[in-house]
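Presented below is the structure to which this report refers.
Below, chains carry the letters A, B, ... as their sequence lines are ordered, and counting in each starts from 1. Every heavy atom of this structure was used, including side-chain atoms; hydrogens, water molecules and symmetry mates were not.
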2 protein chains.
Amino acid sequence: MTIDDKVQVFKALAHPVRLRLVEKLAKGEQCVCVCLEMFDIDISTLSRHLSVLKNAGIVADEKRGKNVYYRLTCPCILQVCDCLEKVAGKRKKPGIPV
Amino acid sequence: MTIDDKVQVFKALAHPVRLRLVEKLAKGEQCVCVCLEMFDIDISTLSRHLSVLKNAGIVADEKRGKNVYYRLTCPCILQVCDCLEKVAGKRKKPGIPV
DNA sequence: TGCAAGTTTAGCAAAATAACCAAATGTGTC
DNA sequence: GACACATTTGGTTATTTTGCTAAACTTGCA
């Protein structure tokens, strides 16, 4: 496991749409069509985001009938977010992008 | 705490130089000049990476004499990396950048 | 004060990422 | 097989990130 492998996971999580997807999937698997309702983006854009998460190993997909269902591969990803709550609270300029 | 705040933390960690810096600082604070020896990059580039980590709230700096020392603000960031070991292990194509 | 070492900031060009539209692919139903 | 629905892939453009050089600070010491 190289540094670059880990970096890919962080990169995958470093986007608001993808992070919200992960938080959504933490509550249970969802098909692409349901995820789409969460955002005001093109379905092709959503599909790309999901594939980034998949390539990073964060989610897995399964086709059932016409739909594709995504789920988290590793529930521990939630712990990461909990930790981040603490870290992000220490930002010098909360709310202002770095 | 917004999604964007969390995203900034992930973005900060989503770079090989910055991630290696975090892993280094996890063992204890270091001055910039020591960190510089870890990489083959310009010191101005290193300084920028450190400021990204600082703005994200991941590290804090302190000037003592001529040197500036950086340290992690939150040791829990290590748990994040441990979790990632598991997640990254599930990547479809291990070792190949997404 | 004046100089040297250590670090940060500014500005620019190259590379990576993101979003859209359009086209292609895969799956179930008739 | 043909059609409709769901999703992915290709291509293009706009935006963001990265890393360099050069310049600007900051601190300690002669």
Side-chain angles (χ1 to χ4, degrees), chain A residues 3-22 24-25 29-56 58-71 92-93 96-98, chain B residues 3-22 24-25 29-71 91-93 96-98:
Chain A
I3 279 278
D4 286 330
D5 288 322
K6 293 184 195 173
V7 165
Q8 286 306 321
V9 178
F10 280 120
K11 272 190 186 178
L13 295 169
H15 188 285
V17 166
R18 294 196 293 263
L19 192 52
R20 285 180 60 194
L21 282 170
V22 167
K24 173 74 167 181
L25 296 178
E29 70 167 20
Q30 287 295 340
C31 73
V32 176
C33 54
V34 168
C35 292
L36 184 60
E37 297 169 4
M38 300 170 60
F39 310 98
D40 184 27
I41 59 176
D42 194 89
I43 188 172
S44 67
T45 300
L46 173 62
S47 180
R48 247 190 236 292
H49 283 307
L50 285 167
S51 77
V52 170
L53 289 172
K54 188 166 87 170
N55 286 334
I58 297 168
V59 304
D61 63 340
E62 183 186 354
K63 187 156 195 171
R64 294 205 296 273
K66 282 195 226 175
N67 301 304
V68 177
Y69 292 82
Y70 281 83
R71 63 181 166 76
K92 297 194 76 178
K93 302 170 184 175
I96 299 170
V98 175
Chain B
I3 278 277
D4 287 329
D5 288 323
K6 294 184 193 172
V7 165
Q8 286 305 322
V9 178
F10 281 119
K11 272 191 186 177
L13 294 169
H15 189 284
V17 167
R18 295 196 292 263
L19 191 52
R20 284 179 62 195
L21 282 169
V22 167
K24 174 74 167 179
L25 295 178
E29 69 166 21
Q30 287 295 341
C31 72
V32 176
C33 54
V34 168
C35 291
L36 184 61
E37 296 170 3
M38 300 170 59
F39 310 98
D40 184 27
I41 60 176
D42 194 89
I43 188 171
S44 68
T45 300
L46 173 61
S47 181
R48 234 213 238 297
H49 283 307
L50 285 167
S51 78
V52 170
L53 289 172
K54 188 165 84 170
N55 286 333
I58 297 167
V59 305
D61 63 340
E62 184 186 353
K63 188 156 196 171
R64 293 205 296 274
K66 282 196 227 177
N67 302 303
V68 177
Y69 292 83
Y70 281 83
R71 62 181 166 76
R91 292 183 61 200
K92 298 194 77 178
K93 302 170 183 175
I96 299 171
V98 176

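Considering only heavy atoms from C-beta on, Ser47(B) stays 4.5 Å or farther from Val32(B) through its side chain. Between Val59(A) and Leu25(A), the closest side-chain pair of non-hydrogen atoms falls below 4.5 Å. Here the side chains of Leu46(B) and Leu21(B) are in contact, with some heavy-atom distance below 4.5 Å.
Residue Ser47(A) places no side-chain atom within donor-acceptor reach of the base of dT9(D), judged by atom type and a 3.5 Å distance cut-off alone.
As a whole-Å value, the separation of Ile41(A) CD1 from dT8(D) C1' is 14 Å. dT26(D) atom P lies 18 Å from atom CD of Glu62(B), rounded to whole Å. Spacing between atom CG of Leu36(A) and atom P of dT8(D) amounts to 11 Å, rounded to whole angstrom units. The distance from atom NZ of Lys11(A) to atom P of dA15(C) is 15 Å, rounded to the nearest whole Å. To the nearest angstrom, P of dT17(C) lies 16 Å from CZ of Phe10(A). In this structure, Asp61(B) places its CG atom 14 Å from P of dT26(D), rounding to the nearest Å. Distance, Leu50(A) CG to dT9(D) C1': 14 Å, rounded to whole Å. For the pair Leu46(A) CG and dC21(C) C1', the interatomic distance rounds to 16 Å; values are reported in whole Å.
Among dA10(C), dT7(D), dC21(C), the nucleotide with an atom closest to any side-chain atom of Arg48(B) is dA10(C). The side chain of Thr45(A) lies closest to dA19(C), out of dC21(C), dT21(D), dA19(C). For Asp42(B), the listed nucleotide lying nearest its side chain is dT21(D); candidates were dT17(C), dC21(C), dT21(D). Relative to the side chain of Ser44(A), the nucleotides dA22(D), dG19(D), dT8(D) differ in distance, and dT8(D) lies closest.
Here Arg64(B) lies out of heavy-atom contact (under 4.0 Å) with every strand. Residue contacts shown for Tyr70(A) are limited to sugar-phosphate atoms, with no base heavy atom under 4.0 Å away.
Between Gly65(A) and Arg18(A), the residue anchored nearer the 5' end of DNA chain C, judged by the nucleotide with its closest heavy atom, is Arg18(A).
Taking His49(A) as the reference, Arg18(A) meet the side chain to side chain donor-acceptor pair (under 3.5 Å) condition, with sequence neighbours excluded. Evaluation of the side chain to side chain contact (heavy atoms under 4.5 Å, CB included) rule for Glu29(A) yields Arg64(A), Tyr69(A), Arg71(A) as partners, not counting sequence neighbours.
For dA19(C), one of the phosphate oxygens OP1 or OP2 lies less than 4.0 angstrom from a side-chain nitrogen or oxygen of His49(A).
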Can you give the donor-acceptor pairs under 3.5 Å from side chains of residues 35-45 of chain A to other protein atoms, not counting sequence neighbours?
| from | atom 1 | to | atom 2 | distance (Å) |
| --- | --- | --- | --- | --- |
| Asp42(A) | OD2 | Ser44(A) | N | 2.9 |
| Asp42(A) | OD2 | Ser44(A) | OG | 2.7 |

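For the side chain to side chain contact (heavy atoms under 4.5 Å, CB included) test with Leu53(B), the passing option among Leu19(B), Ile58(B), Val9(B) is Ile58(B); the others fail.
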N/O to N/O distances under 3.5 Å, protein versus nucleotides 3-6 of chain D:
| from | atom 1 | to | atom 2 | distance (Å) |
| --- | --- | --- | --- | --- |
| dA6(D) | O3' | Asn67(A) | OD1 | 3.1 |

